[in-house]
Structures are given as structure tokens and as C-alpha cells.
Protein chains: 2
Amino acid sequence: MEQKQKSELTKQIILDESFKLFYENGFKTTSIDKIMKATNLTKGAFYYHYKSKKELGLDVIGSKIQKRVYDGMITPLYQDGNALEILEITFSGRLKSFSLFDKQHGCPMNNFINEIADEEEAYQMALKRIIEEWKAALTHIIERGKKEKVINTLYSTDAISIYLISAFEGIRGIRKLYNDDDILDDYILGLNSYLKQLKA
Amino acid sequence: MEQKQKSELTKQIILDESFKLFYENGFKTTSIDKIMKATNLTKGAFYYHYKSKKELGLDVIGSKIQKRVYDGMITPLYQDGNALEILEITFSGRLKSFSLFDKQHGCPMNNFINEIADEEEAYQMALKRIIEEWKAALTHIIERGKKEKVINTLYSTDAISIYLISAFEGIRGIRKLYNDDDILDDYILGLNSYLKQLKA
DNA sequence: TAAAAAAAATACTAAGTAGTATGTTTTTGA
DNA sequence: TCAAAAACATACTACTTAGTATTTTTTTTA
């Protein structure tokens, strides 16, 4: 029993350090050696827990990145309250909550999408799953907003969802190019007027 | 004279093949060896024309990628006509014009931004320059639209520009995860209603 | 046409890469 | 307490990488 826990712990440590290094330096340029150096463990330990780097990548996406998006962007959408207000708070609030590191390195999910999604179908599917859950949460709150006569039923729920997700992921990349938050302020302004226009 | 032309030609060949391979497989995983194999030239030729891979990367961004964005998204914005219509045609038309390859591999600029922009300031600046020119073109057409009472002056020009660019670059990444164009249709729907709402 | 310069080819280095083979230590369960 | 299994360490392989040093070919120019 205790061994199983300790084993799970080391796997978690590998996972944590992997996420950090992938986030900071990208997936491809982060080697197993670098990861294991960061964990103070060795290659033997790694290949005991994972059969390949690809499997690690999929685990990082399916656990660390998924959780991050869930906590920041999905779970908040299931709370009660005015649908449009929740959308505004979730999208602009999340952006404002980012650390400098997070702003400089963009969205880990988006980084993965643009770095490796087109090279392996497995990565593509793992990332798609997160987007689909995000979309489902948006569908839920937008439909609720429509029912509660807060959001204009004229607009397609899918269209709103995709446009919101796209703009959010897009700005996370663009921000990398700048050294201040002016660009984020412009995005938030754009987001706010977009949301206002959805009003019923 | 003839030699200079031939020399420029080889450099152009290297540039063309580099762009193709970077676009298809990413910057980091595309080695000089692979590029030079594609050109049927050798490493000696490469290091005669470029002093490093970084210099090549900057050249690809500053020439190939810049030209692509110019031709597809910037130049069209300087034509005459209804500002909102031009925006709609440019953004949705460009998406519709993409080949399957382009859809599967996303936006070359966005790929660069998310893969390497945070690792080297030189890349960051080269990419930023393109975004700034794009933003300038959008500013131009939006301001014109406002003057001609086509676009509501209530909305911040910068906010509209950034929101448009973000959503466009965002969807280019998201599309990688899917195997059909439904997601693009949703984006176009979202874009169209967004633009309509900007009407004066 | 011959020396000089430019363009490209060949052969290399040193470091990094994913993954494997085989060892050693630690823990478990009978 | 002792064999077996689990967890990790060490040492390696075969390959790829960016970049360099040197040589050969091609072109220019005087």
C-alpha cells in the first residue's frame, strides 16, 4: 500500500516537472534527461513509469493541462447567476489573474496545439477532448442565458462558443510578442462589447 | 552579375524549402540537414548563405511569413468599399480559401508565435512587426468605416482590431484538432454577427 | 587565360536525443 | 526472514543535431 503511494508520488513529480518544462521551453526541446534532472531522479525511474515520451506528453495533456483549463475556464461556467456576467468574469477575470510567467509563455494548451497537434493523431485527440468539454460548458451557460432571456436567441450557441474560445486562445499567443498588458486591455474591451451585443 | 543572381536564387530555394518544412513539421524539429536534403544542396551551401539556423528563422519570418500575411490579410484591407463588407470578405474569405494542408497545419505565423516567440527576443520582434502592420491596416479601415458612418464610433478601434486578430489566429489553431470544417463555419457565423453588431 | 574570389561540397566534431539492458536497492507478502 | 517483485540507478547504444574546417568546383575579372 505504502509503496503504491510512493510510486504514484514519483509519477506525479515527473508529471509536475514535465508540465513546467514543457510550458517554459516547449515539448520538443524538453528532453527526458532535462526532466529527470529537474526531478533529481534518473532515466531508469522515468522508463519504469512511462513507456515513451509520447505517453508522457499525452499524460501531461490529459491530466495537468486538462485540470488547468477545467479550473480556470470550465468549472466557473457551471455556477449560478447572470449568464453574460459569468462569461465576462470568467474570460476577462482569468486573463487578469495570470502571472507574468503565464503571460509571457501563453496558454499551455494552445502551445501544444500549435506545436504538435498536427504531428500525431493521439495528441490531436487528447487536446480536442479538452476543447470539446470547454465548448460543452459554454453551450450550457449560453443556452441557460437564452432560456432566462439574458442572451439573444438570434445568435447561434456554437458560433458564440467558438468565437469566444478562438479569441481567448488567440490573445494568449499574441501577448507573447509584447512586453506589457496593453494588448490584453484591448482584448478585454473587445470581449466586453462583444458580450454586451449578445444581450437579449 | 549572373553569379549574384544565381546566388540569390539558391538562397531563395533554401528559404522556400525552409518555409515549407517549418510549416509542415515545426521549426525546432526541422534540421538544417533535412532542409538541405530537400534543396538537393549541401550543408556547405547553407552556411555560406546563413550564419546560423536562427538567422534563417528570422529570414523566413521576415520574408515568407510576412508576405503571406500581407497578401492574405493586410493588402485587402486597403481597398475601397464598405469597410464592414471588406472586413467580412477578408476574414471569412481567407479562411474559405485555405487548402486542406493549410487547415491541418494552421497559421505559420501563429505556429511560430506559439512555438518559439517566448524563447528568443529576436523572433518575438520579427513576429510582432507583422502583427503591428496587420493592426495598422485594421486601424485604417475601421477608422475609415467610422468616418463614413458604417462603423459605430462607440467601439474602440484597437479593441476591434485585437479581437478580430485574436479570434482569427485562435481558430487557425483550433481547426487543427478537427477533421472537418464545421468548426470554421461556426467561427464564420460568429465573425459575421460580431461584424454586424459593429454597424453604425 | 590565369589568379582571385565566390559558391558549394565533403568530412568532421562535440553535444544532445530517445530508448534499452542490466544492474542495485527497497519494499512486500508469505 | 527470505524470496519475489517493485522501484529506481547506471551505463550504454545508435542516431540526430548545429556548427566548423577544409577542400573542390565554378565564376569573375584583370
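Residue numbers start from 1 in every chain, and the chains themselves are labelled A, B, ... in the order their sequence lines are given, proteins ahead of strands. Since the structure is predicted, the reported quantities are computational estimates derived from the model, not experimental observations.
- The separation between B:L56 atom CG and D:dT17 atom C1' is 15 Å, rounded to whole Å.
- Contacts of B:K34 with the nucleic acid, taken as non-hydrogen atoms under 4.0 Å apart, involve only primed sugar atoms and P, OP1 or OP2.
- Here B:S31 lies in heavy-atom contact (under 4.0 Å) with sugar-phosphate atoms only.
- In this entry the distance linking NZ of A:K11 with P of D:dC8 reads 12 Å, nearest Å.
- A:K51 comes within 4.0 angstrom of no nucleic acid atom, judged by non-hydrogen atoms across all strands.
- Using a cut-off of 4.0 Å between Lys/Arg side-chain N and Asp/Glu carboxylate O, A:K54 and A:E119 are scored as not salt-bridged.
- Comparing C:dA8, C:dA11, D:dA9 against the side chain of A:A45 picks out D:dA9 as the nearest.
- Taking atom NZ of A:K43 as the reference point, atom C1' of C:dT22 lies 15 Å away to the nearest angstrom.
- Mapped onto DNA chain C by nearest heavy atom, B:M36 and A:K54 fall at different nucleotides, with B:M36 at the one closer to the 5' end.
- In the set C:dA8, D:dA11, D:dG19, C:dA8 carries the atom at the smallest distance from any side-chain atom of B:T42.
- Counting only heavy atoms from C-beta on, A:Y47 has its side chain closest to C:dA18 among D:dT20, C:dA18, D:dT10.
- Ion pair A:R144/A:E148 flagged as a salt bridge, since at least one NZ, NE, NH1 or NH2 atom sits closer than 4.0 Å to an Asp/Glu carboxylate oxygen.
- Rounded to an integer number of Å, the gap from A:E8 CD to D:dC8 P is 11 Å.
- One can place CG of B:N25 at 11 Å from P of D:dT17, the figure rounded to the nearest angstrom.
- The nearest whole Å value for the distance from the NZ atom in B:K53 to the P atom in D:dT16 is 15 Å.
- One finds a salt bridge joining A:K20 and A:E17 here, because a Lys/Arg side-chain nitrogen approaches an Asp/Glu carboxylate oxygen to under 4.0 Å.
- For A:D102 and A:R172, the salt-bridge test fails: no basic side-chain N is under 4.0 Å from an acidic carboxylate O.
- Whole-Å rounding puts the B:F46 CZ to C:dC12 P distance at 22 Å.
- The closest side-chain heavy-atom distance from A:Y23 to A:R68 is below 4.5 Å.
- Rounding to whole angstrom units, CG of residue B:D33 and P of C:dA11 are separated by 14 Å.
- When distances run from any side-chain atom of A:Y48 to the nucleotides C:dT10, D:dG19, D:dA6, the shortest one goes to D:dA6.
- A close approach under 4.0 Å does not occur between any side-chain nitrogen or oxygen of B:H49 and OP1 or OP2 of C:dA6.
- The nearest heavy atom of DNA chain C to A:K28 and to A:G44 marks one nucleotide each, and the one closer to the 5' end goes with A:K28.
- Side-chain nitrogen and oxygen atoms of A:S52 include none within less than 4.0 Å of the OP1 or OP2 phosphate oxygen of C:dA18.
- Comparing atom distances between the A:L41 side chain and each of D:dA18, C:dT17, D:dC8 picks out D:dC8 as nearest.
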